Amino acid sequence: MQSVLVTGGAGFLGSHLCDRLIRDGHEVLCVDNFFTGSRRNVAALLNEPGFELMRHDVTFPLYVETERIFNLACPASPVHYQFDPVQTTKTSVHGAINMLGLARRVKARILQASTSEVYGDPDVHPQPESYLGRVNPIGIRSCYDEGKRCAETLFFDYHRQHHLDIKVVRIFNTYGPRMHPNDGRVVSNFIVQALRGEDITIYGDGSQTRSFCYVDDLIEAMVRMMDTDTGFTGPVNIGNPSEFSIRELAEKVIAMIGGPSKLVFRPLPSDDPRQRQPDIALARSALDWEPKVALDDGLRETVRYFRDLLKA
Ligand code: NAD
Ligand code: UDP
Ligand code: UDP
């Protein structure tokens, strides 16, 4: 049993991670400012003796005791991270500094939830960890992409300079129950639109691709990474390499849910990556991990979640 701090723990991924850590018998301190997360996501944990929820913004210092830190705090969907872009960069950068300072003081192992966005709009496909990326430093996605890149820099400098025990995972598009229904990400948007019988909004012509990983697979990889005692720091890609076009995803969702929804086309946001697929060879060898949940199965679980949510 360990004491574990999860920042952003009331969000989509964070709440699943808290579930898993409590199930594994750890003591969990969940820290969140509820910008995109909610108490509802962790409601089932509030009565667990090993679980504590704290409202706190990671851009401010945090003095607690802990053995391990998962740093997930940061809005992840374009709609939310572009709402207050300065705050987004602060969350990634000041948040990383504070959590690294905390890890340094208490000698905790610390894992950063980084992102495939560090590769930007890639011209190498699929993307291995060695690819340095193609990121616009001044565009509307930069607050997120560059914030996450700087956070990685800080992690590796604390590692080199202060010998911190760090782990960096680069997460590719992940979906599942507890995604925010209004967060604008493609899987939640399409499912919610289809369930409401509204038209499905495809940005651009829908030929851009993404590779979608189900949340349970992702959490397994994060936990394995945190538990690896070989000194392996990453960065390591985690995601599902099966790649689909956004149009194919829309058609799958309509076929699964039925109803009157049609495809409608909207302008493509600027800097929207054309294609994205993780090269997970490193995760396979270093973590003995690969995703197991097929898109159809994961979508079915996610549809069930949103159906219940919309009914309530
Ligand atoms: P999310 O928006 O559901 O979760 C983020 C959580 O962080 C929310 O609970 C939010 O309230 C909290 N938060 C935001 N700013 C904060 C601050 N300043 N202080 C404290 N808490 C703060 O998104 P998610 O999908 O669960 O993403 C979790 C992490 O994983 C993020 O760091 C994100 O960048 C990373 N990630 C996610 C994906 C994905 O596809 N879901 C892909 C790549 C990276
Ligand atoms: N910090 C924190 N909790 C701690 C220790 C440090 O939030 O338990 C923050 C503190 O605000 C500091 C930052 O982490 O500014 C970086 O700490 P570090 O010790 O690396 O550098 P400092 O700025 O203190 O020299
Ligand atoms: N997208 C879309 N319709 C929507 C929401 C998103 O066509 O209603 C597209 C978006 O332009 C992008 C892809 O789906 O090409 C994935 O978008 P998301 O915001 O989920 O993730 P990211 O772009 O950060 O990978």
Side-chain angles (χ1 to χ4, degrees), residues 6-17 30-38 41-42 55-66 70-81 87-88 90-92 94-106 108 112-118 141 144-145 147-148 151 154 158 161-162 164 169-176 178-180 183-190 192-193 200-213 215 218 222 238-239 245-247 249-250 265-269 271-276:
V6 180
T7 76
F12 161 47
L13 296 181
S15 63
H16 285 277
L17 179 61
C30 170
V31 162
D32 205 294
N33 71 349
F34 302 123
F35 175 50
T36 51
S38 69
N41 285 339
V42 290
R55 181 192 286 265
H56 175 80
D57 184 322
V58 295
T59 61
F60 297 99
L62 176 65
Y63 287 85
V64 294
E65 305 307 312
T66 186
F70 285 90
N71 188 36
L72 274 66
C74 186
S77 86
V79 172
H80 284 131
Y81 72 63
Q87 177 64 18
T88 299
K90 280 186 187 170
T91 292
S92 276
H94 293 189
I97 291 173
N98 287 328
M99 293 310 105
L100 287 161
L102 168 61
R104 184 180 170 203
R105 180 179 61 79
V106 301
Q112 169 68 359
S114 190
T115 170
S116 53
E117 296 286 323
V118 300
R141 294 176 83 102
Y144 184 74
D145 302 8
K148 289 284 189 178
L154 286 161
Y158 267 80
Q161 197 174 329
H162 300 304
L164 239 66
V169 295
R170 290 183 177 155
I171 301 170
F172 284 64
N173 297 65
T174 302
Y175 70 98
R178 298 193 198 140
M179 293 184 91
H180 197 296
D183 87 351
R185 277 186 271 191
V186 69
V187 173
S188 44
N189 263 16
F190 285 3
V192 169
Q193 287 165 341
I200 307 276
T201 53
I202 292 191
Y203 303 160
D205 62 6
S207 62
Q208 71 272 34
T209 67
R210 294 293 187 273
S211 308
F212 300 100
C213 185
V215 58
L218 200 282
M222 283 180 87
I238 48 182
S245 73
I246 294 307
R247 200 190 167 110
L249 176 72
F265 295 87
R266 299 276 177 264
L268 188 69
D271 291 336
D272 200 277
R274 287 284 320 147
Q275 51 179 10
R276 190 183 287 148

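Counting convention: from 1, in listed order, for ligands and their atoms alike. Fair warning: this is a prediction, and the values are worked out from it, not measured in the lab.
- Taking any N or O of Thr36, backbone or side chain, at least one lies under 3.5 Å from an N or O belonging to ligand 1.
- Ligand 1 has no nitrogen or oxygen under 3.5 angstrom from a nitrogen or oxygen of Val31.
- Within the 4.5 Å cutoff, the side chain of Thr59 has heavy atoms near those of the Gln87 side chain.
- Considering Leu100, Val106, Asn98 as possible partners of Leu102, the one that fulfils the side chain to side chain contact (heavy atoms under 4.5 Å, CB included) test is Val106.
- Distances between N or O atoms of Ser114 and those of ligand 1 include no value under 3.5 Å.
- Remark: distances from the non-hydrogen atoms of Ser116 to ligand 1 are all 4.0 Å or more.
- Applying the 4.0 Å criterion to heavy atoms of Gly11 picks out, from ligand 1, the atoms 3 (O), 4 (O), 8 (C), 9 (O).
- Protein heavy atom at the shortest distance from atom 34 (O) of ligand 1 is Tyr144 OH, 2.6 Å.
- Note on ligand 1: Lys90 sits outside its first shell, no heavy atom being nearer than 4.0 Å.
- Atoms of ligand 1 lying under 4.0 Å from any heavy atom of Phe34, numbered from 1 in the order shown and given with element: 11 (O).
- Counting heavy atoms closer than 4.0 Å to ligand 3, residue Thr201 contributes atoms from both its backbone and its side chain.
- Taking only nitrogen or oxygen atoms, main chain and side chain alike, Pro75 does not reach within less than 3.5 Å of ligand 1.
- Every atom of ligand 1 is numbered from 1 in the order shown, and the set under 4.0 Å from a heavy atom of Phe35 is 11 (O).
- Short contacts between ligand 3 and Pro78, defined as distances under 4.0 Å to a heavy atom of the residue, involve ligand atoms 19 (O).
- The shortest heavy-atom distance from Arg178 to ligand 1 is not under 4.0 Å.
- Taking the charged nitrogens against the carboxylate oxygens, Glu117 and Arg141 do have a contact shorter than 4.0 Å, which makes a salt bridge.
- For the ligand labelled ligand 3, residue Ser77 lies outside the 4.0 Å heavy-atom shell.
- Heavy-atom contacts of Ala76 reach the following atoms of ligand 1: 2 (O), 23 (O), 24 (P), 25 (O), 27 (O), 33 (C) (cutoff under 4.0 Å).
- Below 4.0 Å from some heavy atom of Asn173 lie the following atoms of ligand 3, by number and element: 21 (O), 22 (P), 25 (O).
- Numbered from 1 in the order shown, with element, the atoms of ligand 3 that lie under 4.0 Å from a heavy atom of Ile246 read 7 (O), 13 (C), 14 (O).
- Residue-ligand proximity, Gly37 to ligand 1, at heavy-atom distances under 4.0 Å covers atoms 8 (C), 9 (O), 10 (C), 11 (O).
- Protein residues with a heavy atom under 4.0 Å from ligand 2 are Pro61, Leu62, Tyr63, Ile97, Asn98, Gly101, Leu102, Arg104, Arg105, Tyr158.
- For the ligand labelled ligand 1, residue Gly95 lies outside the 4.0 Å heavy-atom shell.
- Close to ligand 1: Asp57, with a non-hydrogen atom less than 4.0 angstrom away.
- Any N or O atom pair closer than 3.5 Å counts here, and Ser38 shares no such pair with ligand 1.
- Residue Lys148 touches ligand 1 through its side chain alone, judged by heavy-atom distances below 4.0 Å.
- An N or O contact shorter than 3.5 Å is missing between Pro269 and ligand 3 by distance.
- In this structure, Tyr175 falls outside the shell of residues with a heavy atom less than 4.0 angstrom from ligand 1.
- Backbone and side-chain nitrogen or oxygen atoms of Phe12 are examined, and one is located within less than 3.5 angstrom of a nitrogen or oxygen of ligand 1.
- Without hydrogens or angle criteria, Asn173 side chain to Arg210 main chain gives no donor-acceptor distance under 3.5 Å.
- Annotation: atom 38 (C) of ligand 1 to nearest protein heavy atom, Ile171 CG2, 3.8 Å.
- The nearest heavy-atom contact from the protein to atom 9 (O) of ligand 1 is Asp32 OD2, 2.5 Å.
- Shortest contact from atom 28 (C) of ligand 1 to any protein heavy atom: Leu72 O, 3.7 Å.
- With contacts defined as side-chain heavy-atom distances shorter than 4.5 Å, the pair Thr36/Phe12 does not qualify.
- Residues His56 and Val64 form no side-chain contact, since every pair of their non-hydrogen atoms from C-beta on lies 4.5 Å or further apart.
- Geometrically, ligand 3 and Arg141 share a nitrogen or oxygen pair separated by less than 3.5 Å.
- At a heavy-atom distance under 4.0 Å, no atom of Met179 approaches ligand 1.
- Residues Phe172 and Leu218 fail the side-chain proximity criterion, which asks for heavy atoms closer than 4.5 Å.
- Near His56, the atoms of ligand 1 lying under 4.0 angstrom from a non-hydrogen atom of the residue are 19 (N), 20 (C).
- Close approach of ligand 3 to Gly184 is summarised as follows: ligand atoms under 4.0 Å from at least one heavy atom of the residue are 5 (C).
- Phe265 is listed as a side-chain neighbour of Arg247, based on a closest heavy-atom distance under 4.5 Å.
- Applying the 4.0 Å criterion to heavy atoms of Ile202 picks out, from ligand 3, the atoms 7 (O).
- Ala151 approaches Ser92 most closely through the heavy-atom pair CB-O, 3.8 Å.
- Among protein heavy atoms, atom 37 (C) of ligand 1 sits closest to Leu13 CD1, 3.7 Å.
- Residue Asn173 touches ligand 1 through its backbone alone, judged by heavy-atom distances below 4.0 Å.
- Of all protein heavy atoms, the one lying nearest to atom 41 (N) of ligand 1 is Arg185 NH1, 2.8 Å.
- Ligand 1 has no nitrogen or oxygen under 3.5 angstrom from a nitrogen or oxygen of Thr59.
- Remark: ligand 3 atoms within the under-4.0 Å shell around heavy atoms of Asn189 are 4 (C), 5 (C), 8 (O).
- Between Arg276 and Gln208 the shortest side-chain heavy-atom distance does not fall below 4.5 Å.
- Close approach of ligand 1 to Gly8 (heavy-atom distance below 4.0 Å) involves ligand atoms 6 (C), 7 (O), 9 (O), 12 (C).
- Taking every heavy atom of Phe190 and a limit of under 4.0 angstrom, the matching atoms of ligand 3 come to 3 (N), 4 (C), 8 (O).
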For this session: Would you check, one step at a time, whether the test side-chain contact (heavy atoms from CB on, under 4.5 Å) holds for Phe35 with Thr91?
Result: CA-CA 11 Å; Phe35 175 50; Thr91 292; over 6 Å; no
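- Among all heavy-atom pairs drawn from Tyr203 and Leu268, the shortest one is O-CD1, 3.5 Å.
- Inter-residue side-chain proximity for Val215 and Leu13 is flagged as met; some heavy-atom pair is nearer than 4.5 Å.
- Under a 4.0 angstrom heavy-atom cut-off, Arg276 registers as being in contact with ligand 3.
- Listed for the Thr7 side chain is a donor-acceptor partner under 3.5 Å among the backbone atoms of Ala73.
- Looking at atom 5 (C) of ligand 1, its nearest protein heavy atom turns out to be Cys74 O, 3.2 Å.
- Using a 4.5 Å heavy-atom cutoff, the side chains of Phe34 and Arg55 are in contact.
- Not a single heavy atom of Arg266 sits under 4.0 Å from any atom of ligand 3.
- Distance from atom 22 (C) of ligand 1 to its nearest protein heavy atom, with residue and atom name: Asn33 OD1, 3.0 Å.
- The shortest heavy-atom distance from Gly206 to ligand 3 is not under 4.0 Å.
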